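Each remark here refers to the structure printed beneath this line.
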Amino acid sequence: MIVKYVVRKQQHDDWMVMCGYDYKEILFSELEESKKQGWEFVRKKIFLITDFCDFYSTSNRSDRLAIIGITVGLLAVVISIIGLFK
């Protein structure tokens with residue numbers, strides 16, 4: 001499983017104040033060094049799982065029901081196919 005960490009740092013320039021942050025994804029081995037350079041830990045990102053959870057949490061109720069329905073349907077098909085070849 002690929003685990004990465006998202007860190008952020010305040011944008012800056014020599015002659016003006018900037019709004020927002022720069023974000024980057026790093027590995028665990030780079031986390032401590034990045035903290036020393038002023039980067040701030042935001043979240044732990046697990047490949048595909050975090051993306052699906054973000055999509056699911058921002059979707060509305062009908063989209064969630066559709067996702068659940070498709071998942072249950074695919075699971076039923078897989079179980080049926082396994083049952084046929086036993």
Side-chain angles (χ1 to χ4, degrees):
M1 195 176 327
I2 300 173
V3 178
K4 291 190 175 181
Y5 297 86
V6 179
V7 292
R8 70 180 182 185
K9 189 175 187 179
Q10 184 77 35
Q11 294 177 350
H12 67 280
D13 199 358
D14 294 337
W15 59 276
M16 66 183 217
V17 176
M18 299 182 69
C19 299
Y21 293 94
D22 290 328
Y23 289 88
K24 71 177 181 177
E25 294 180 6
I26 58 172
L27 298 173
F28 181 74
S29 59
E30 303 167 344
L31 186 60
E32 288 301 320
E33 184 178 330
S34 295
K35 284 183 180 179
K36 291 177 185 175
Q37 294 174 357
W39 290 87
E40 176 183 344
F41 173 76
V42 177
R43 67 190 280 188
K44 185 177 181 179
K45 187 173 182 182
I46 301 171
F47 181 68
L48 289 180
I49 296 173
T50 305
D51 295 329
F52 177 75
C53 290
D54 290 344
F55 170 74
Y56 189 78
S57 66
T58 58
S59 61
N60 58 18
R61 188 174 186 185
S62 63
D63 291 341
R64 289 180 184 175
L65 289 174
I67 292 169
I68 291 170
I70 291 169
T71 304
V72 169
L74 289 174
L75 185 62
V77 168
V78 168
I79 290 172
S80 298
I81 291 173
I82 291 173
L84 284 174
F85 292 109
K86 260 190 168 181

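Note that the structure is predicted; figures quoted are calculated from it, not measured.
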Is any side-chain heavy atom of [Y] closer than 4.5 Å to one of [X]?
| X | Y | answer |
| --- | --- | --- |
| Ile2 | Lys4 | yes |
| Val42 | Tyr23 | yes |
| Tyr5 | Leu27 | no |
| Trp39 | Asp22 | yes |
| Lys45 | Glu25 | yes |
| Val7 | Lys24 | yes |

field: Qualifying residues under ring-ring contact (aromatic ring centres under 6.0 Å, His included), relative to Phe85, sequence neighbours excluded
entry: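 Listed in chain order: nothing, the list is empty.
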Contacts of type side chain to side chain donor-acceptor pair (under 3.5 Å), residue [X], not counting sequence neighbours:
| X | value |
| --- | --- |
| Asp63 | none |
| Gln10 | none |
| Glu30 | none |
| Thr71 | none |

field: Distance-minimising heavy-atom pair for Tyr21 and Gln11
entry: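 It is O-NE2, 3.5 Å.
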Listing, residues 46-57 side-chain donor-acceptor contacts under 3.5 Å, not counting sequence neighbours, or none:
residue, atom, partner, partner atom, Å
Thr50, OG1, Ile46, N, 2.8
Thr50, OG1, Ile46, O, 3.2
Asp54, OD1, Arg43, NH2, 3.1
Asp54, OD2, Arg43, NH1, 3.3
Asp54, OD2, Arg43, NH2, 3.1
Ser57, OG, Cys53, O, 3.1
Ser57, OG, Asp54, O, 3.1

- request: First locate atom NZ of Lys35, then atom CD1 of Ile26, and finally report the distance between them rounded to the nearest 0.5 Å.
  value: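 Separation between the atoms: 9.0 Å.
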- prompt: Between atom CG of Leu84 and atom CD1 of Ile79, what is the distance when rounded to the nearest 0.5 Å?
  reply: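 Atom-to-atom, Leu84:CG and Ile79:CD1 are 12.5 Å apart.
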message: Grouping I, L, V, M, F, W and Y whenever their side-chain heavy atoms are under 4.5 Å apart, do Phe41 and Phe28 come out in a common cluster?
response: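 Result: yes, single cluster for both.
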query: Near Gln37 CD, under 6.0 Å, is it more than 12 heavy atoms from other residues, nucleotides or ligands?
result: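 More than 12 within 6.0 Å, yes.
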